[in-house]
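Structure record follows, encoded as structure tokens.
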Amino acid sequence: MRPFTLLWALCCATLAATAATPKPTNVIVLFVDDMGYADIGPFGNKTLRTPHLDRFAKEGMRFTSFYATPVCSMSRASLLTGSYSARVSMPGVLFPSNRIGLHPDEVTVAEVAKSRGYETIMIGKWHLGHLPEFMPTRQGFDHYFGLPYSNDMKQSRRGYPPLPLYRGEKVIETEPDQAQLTRRYTEEAVKFLRTKRDKPFFLYLPYTMIHDPLASSEGFKGKSAQGPIGDAIEEIDWSVGQIMGALRELLLDDDTLVIFTSDNGPSGRAAPPFSGNKATNLEGGVREPCLMRWPGRIPAGTTCDRIAGNIDVLPTLAKVFGADLPKDRILDGRDLGPLLADPTAAPVRDTHLYFTAAQKLEAIRQGPWKLFLLDPAKRKDEPVRTAPALYNVVEDPAERANQALKHADIVAQLTKAAADRLAEIEAHKRPIGKLSDEPTAAETPSKSPVKLSDLKPGAQLKAAAAPQVGGRAFTLSCTFATTQANTVLVAHGGVQVGYALHIREGKLTFSIRRATDDNSEVSLPAPTDGQPHRVRAGLTKDGKLLLQLDDQPEVMIQGTGLLGKQPAEDFCVGHDAANPAAKYSQPAPFRGNLVDLTIR
């Protein structure tokens with residue numbers, strides 16, 4: 001073959017291989033606080049100027065039966081875990097005095113993204129636990145900039161500490177100027193988009209606004225036709241325009257799925273065309289505006305009226321990321337992919353459950369029918385509704401005409417369905433994260449080694465009592481003697497996150513797992529002479545793995561970072577009791593001596 005012909009063939013083969021490998025899709029989730037269904041143009045607002053969201057809707061899809069929850073923390077838990085708030089035991093709202101948060105064992109959207117090599121960032125309001133163990137950086141986010149809870153939980157409220165603004169896990173300001181928050185969040189997002197990277201990205205931006213106290217920057221304050229609430233909404237529209245404009249400028253537009261929605265209904269305001277508002281399970285409290293845009297994948301200018309909601313975000317994005325869903329737990333959400341391609345496709349789920357802030361099942365919807373099992377809240381100028389109350393929310397979105405007496409068969413059907421589904425959730429309920437009244441190693445710097453020296457091979461320490469290593473540097477050391485070529489010295493973690501010191505095929509290995517597909521290892525030849533040897537293994541604050549045997553020079557490699565959160569599995573000595581914490585397959589239990597174990 002002639003040289004030119006050969007070169008041409010190689011080029012064609014390379015291009016064909018490149019074309020056959022789909023480019024990963026970036027994802028942005030924009031999550032507003034307290035936005036009502038008709039607060040923006042695409043959902044009927046004729047007063048406010050929302051040109052960027054209007055364009056968003058024309059280029060994407062509107063969801064008109066998209067459900068959140070009555071209030072804040074429970075909604076964010078549902079969004080990030082793909083589960084009803086009752087399943088993950090998340091109450092309605094967390095406060096600065098609470099010592100609870102989203103359980104470290106929960107698998108979040110960010111962790112699913114990281115399992116496929118995505119860079120992850122959260123900008124804005126977290127509100128799923130403000131103590132270190134529960135912060136975004138312990139739940140799969142590489143970067144974090146924002147407030148740990150609502151903007152009204154500030155120093156001016158009696159007994160509250162100064163409102164902190166975080167970067168990572170460090171407080172960089174207290175009582176920040178709230179009029180600048182939307183602008184600052186937007187600037188952080190655009191800056192992140194402009195950063196050159198080899199990885200795809202997942203950007204989660206839960207705005208502080210339009211939660212009280214309302215605030216807007218100088219360019220928007222006093223400029224809208226609806227006072228402070230309108231000013232804040234118009235500034236969020238501007239923010240959306242800045243982010244979408246950056247995507248177009250950077251030629252990322254066609255490779256990015258953007259989702260825009262809200263956590264719950266409006267606070268203290270009507271939510272037309274519905275009854276109710278924030279803190280209620282009437283449609284006005286939980287049915288939210290939702291827009292999704294993905295050029296070439298989502299047909300432009302379309303509307304989907306199928307049941308969907310926050311709980312569907314994780315399963316949908318897992319498919320977009322090309323990631324597997326967690327197999328060790330039940331998720332309530334479903335992949336919306338078929339509806340994104342065709343809004344008239346069959347429903348991905350036909351049922352939605354409405355939980356209260358106290359985790360009680362208040363109502364159930366199947367198809368057009370919604371049944372209240374408990375008396376719903378009453379708002380001013382609205383009728384008293386007494387359970388069982390049955391409404392056709394397609395024909396009667398304001399829930400005015402109770403048809404329970406007319407359709408007793410539907411009431412019985414929905415009552416049974418609600419009881420069955422609640423029983424399943426209660427049977428598979430997962431705990432909320434809790435801290436004791438005493439500070440733990442996750443809250444205060446460790447000044448001395450964790451005392452583990454009494455543990456012998458075969459011992460197992462419950463996860464709650466295990467050394468705290470999530471989000472921090474740590475060093476493990478022990479003295480061991482064995483003749484085995486395949487065994488485990490220490491294992492803590494599982495398929496999602498963990499670490500292990502083990503011997504594999506004659507090599508002493510220290511393994512760090514930050515996500516399913518994010519594993520780092522450092523190895524040395526293992527001494528299998530049956531004599532005592534001192535080993536030191538560690539993870540430094542800049543993500544480096546180190547391993548040292550006796551007085552030999554330490555070996556160090558660059559890993560991908562600290563463990564994003566505390567491993568949820570038990571701490572094991574001389575074996576691995578559950579899902580493997582490292583890349584080994586059923587290593588033999590440790591035989592020999594293992595003493596002086598410490599982790600600092």
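In what follows, every heavy atom counts, from backbone to side chain, and hydrogens, waters and symmetry copies are set aside.
- Rounding to the nearest 0.5 Å gives a distance of 12.5 Å between CG of Leu331 and NE2 of His428.
- Note: Thr415 OG1 to Leu373 CG = 6.0 Å, rounded to the nearest 0.5 Å.
- In this structure, Glu187 does not pair ionically with Lys191, as no charged nitrogen and carboxylate oxygen lie closer than 4.0 Å.
- Side chain of His52 to main chain of Ser239: no donor-acceptor pair is present (N/O by atom type, distance under 3.5 Å, no hydrogens or angles).
- Leu205 has its side chain out of reach of Phe31: every pair of non-hydrogen atoms, C-beta onward, lies at least 4.5 Å apart.
- With hydrogens and angles disregarded, a donor-acceptor distance shorter than 3.5 Å links the side chain of Thr50 to the backbone of Gly41.
- To the nearest 0.5 angstrom, Ile243 atom CD1 is 6.5 Å from Leu203 atom CG.
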Under the side-chain hydrogen bond (donor to acceptor under 3.5 Å, both in side chains) rule, what do Glu362 and Asn281 come out as? Steps first, then yes or no, please.
-> CA-CA 7 Å; Glu362 182 174 332; Asn281 268 311; 3.3 Å; yes

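- Electrostatic pairing of Asp105 and Arg329 counts as a salt bridge here, judged by a charged N lying under 4.0 Å from a carboxylate O.
- Counting heavy atoms from C-beta outward, Ile259 and Ile28 have side chains that stay 4.5 Å or more apart.
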Could you go step by step and tell me if Asp396 and Gln403 meet the side-chain hydrogen bond (donor to acceptor under 3.5 Å, both in side chains) rule?
-> CA-CA 11 Å; Asp396 176 26; Gln403 301 191 47; 5.8 Å; no

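- Taking the six-membered ring where the residue is Trp, His352 and Tyr67 present parallel rings, their angle staying beneath 30° rather than reaching 60°.
- Nearest heavy atom pair, residue Val258 against residue Phe56, reads O-CZ, 3.5 Å.
- The two residues Val112 and Ala323 have their closest heavy-atom pair at CG1-CB, 3.6 Å.
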Would you please test Arg269 and Asp34 for salt bridge (Lys or Arg N to Asp or Glu O under 4.0 Å) and show each step?
-> CA-CA 10 Å; Arg269 300 181 291 120; Asp34 288 5; over 6 Å; no

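- Going from atom CG of Leu282 over to atom CG of Asn277 covers 8.5 Å, rounded to the nearest 0.5 Å.
- Salt-bridge annotation for Arg400 and Glu382: absent, with no side-chain N of the basic residue lying under 4.0 Å from a carboxylate O of the acidic one.
- Using modelled atom types, one side-chain atom of Thr316 and one backbone atom of Leu336 make a donor-acceptor pair closer than 3.5 Å.
- Ionic pairing of Glu106 and Lys565 is not present here: no N-O contact between side-chain nitrogen and carboxylate oxygen is shorter than 4.0 angstrom.
- At least one donor-acceptor pair closer than 3.5 Å links the side chain of Trp126 to the backbone N or O of Gly129.
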After noting the C-alpha distance and the side-chain angles of Thr208 and Tyr185, does the key distance pass the side-chain hydrogen bond (donor to acceptor under 3.5 Å, both in side chains) rule?
-> CA-CA 9 Å; Thr208 291; Tyr185 292 167; 2.8 Å; yes

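- For the pair Val411/Leu371, a side-chain contact is recorded, criterion being any heavy-atom separation below 4.5 Å from C-beta on.
- Nearest heavy atom pair, residue Thr25 against residue Tyr118, reads O-OH, 2.6 Å.
- By the 4.5 Å heavy-atom criterion applied to side chains, Met244 and Arg293 are counted as neighbours.
- The residues Glu111 and Arg116 are annotated as not salt-bridged, no charged nitrogen and carboxylate oxygen being separated by less than 4.0 angstrom.
- Atom CH2 of residue Trp369 and atom NE2 of residue His407 lie 4.0 Å apart, to the nearest 0.5 angstrom.
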Just do the salt bridge (Lys or Arg N to Asp or Glu O under 4.0 Å) check on Arg385 and Asp375 with the steps written out, would you?
-> CA-CA 6 Å; Arg385 299 171 174 90; Asp375 295 346; over 6 Å; no

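- Seen from the ring of Phe43, Arg62 counts as a face-on cation partner, given the 6.0 Å and 45° thresholds.
- Met122 is listed as a side-chain neighbour of Pro206, based on a closest heavy-atom distance under 4.5 Å.
- Atom NZ of Lys406 has 12 or fewer neighbouring heavy atoms from other residues, nucleotides or ligands inside a 6.0 Å radius.
- Results of the side-chain hydrogen bond (donor to acceptor under 3.5 Å, both in side chains) test with Ser217 over Gln178, Arg184, Arg183, Glu235 single out Glu235 as the only residue that passes.
- Checking side-chain atoms of Ser262 against main-chain N and O of Met35 turns up a donor-acceptor pair under 3.5 Å.
- A salt bridge links Lys370 with Glu283; the closest basic N to acidic carboxylate O contact falls under 4.0 Å.
- Scanning all heavy atoms of the two residues, the minimum distance from Ser89 to Ile432 falls at O-CD1, 3.4 Å.
- Remark: Arg76 engages Asp263 in a salt bridge, criterion side-chain N to carboxylate O under 4.0 Å.
- Minimum heavy-atom separation, Arg430 to Ser83: NH2-OG, 3.0 Å.
- Across Phe66, Phe63, Phe274, a single residue satisfies ring-ring contact (aromatic ring centres under 6.0 Å, His included) together with Tyr37, and that is Phe274.
- At a threshold of 4.0 Å, the pair Asp312-Arg334 does not count as salt-bridged, since none of the basic side-chain nitrogens sits closer than that to a carboxylate oxygen.
- Between Lys416 and Asp420 there is a salt bridge, with a side-chain nitrogen of the basic residue lying less than 4.0 Å from a carboxylate oxygen of the acidic one.
- To the nearest 0.5 Å, atom CZ of residue Arg248 and atom CG of residue Asp253 are 6.0 Å apart.
- The side-chain heavy atoms of Arg365 and Tyr354, taken from C-beta on, include a pair separated by under 4.5 Å.
- Under 4.0 Å is where a charged nitrogen must lie from a carboxylate oxygen, and between Arg49 and Asp237 no such pair does.
- Judged by distance alone, the side chain of Ser216 and the main-chain N or O of Ala179 form no donor-acceptor pair under 3.5 Å.
- Of the charged side-chain nitrogens involved, none lies within less than 4.0 Å of a carboxylate oxygen, so that Arg297 and Asp254 do not count as a salt-bridged pair.
- With a 6.0 Å radius and a threshold of 12 heavy atoms from other residues, nucleotides or ligands, Lys429 has its NZ atom above the threshold.
- Here the side chains of Met292 and Phe260 are not in contact, with every heavy-atom distance at 4.5 Å or above.
- Of all the heavy atoms in Ser73 and Val93, the pair that sits closest is OG-CA, 3.7 Å.
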Go through the steps to decide whether Tyr166 and Phe145 satisfy the test ring-ring contact (aromatic ring centres under 6.0 Å, His included), and finish with yes or no.
-> CA-CA 5 Å; Tyr166 279 82; Phe145 175 80; over 10 Å; no

List the steps and the verdict of salt bridge (Lys or Arg N to Asp or Glu O under 4.0 Å) for Lys223 and Asp231.
-> CA-CA 6 Å; Lys223 301 296 176 64; Asp231 300 344; over 6 Å; no

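- Under a 3.5 Å cut-off, the side chain of Glu288 and the backbone N or O of Gly265 do form a donor-acceptor pair.
- Counting only distance, with no hydrogens or angles, the side chain of Glu175 and the backbone of Gln155 share a donor-acceptor pair below 3.5 Å.
- Between Leu48 and Ile40 the shortest side-chain heavy-atom distance does not fall below 4.5 Å.
- When atom types are taken as modelled, the side chain of Ser150 and the backbone of Met153 share no donor-acceptor pair closer than 3.5 angstrom.
- When Thr356, Val286, Asn264 are each tested for a side-chain contact (heavy atoms from CB on, under 4.5 Å) with Pro70, only one passes: Val286.
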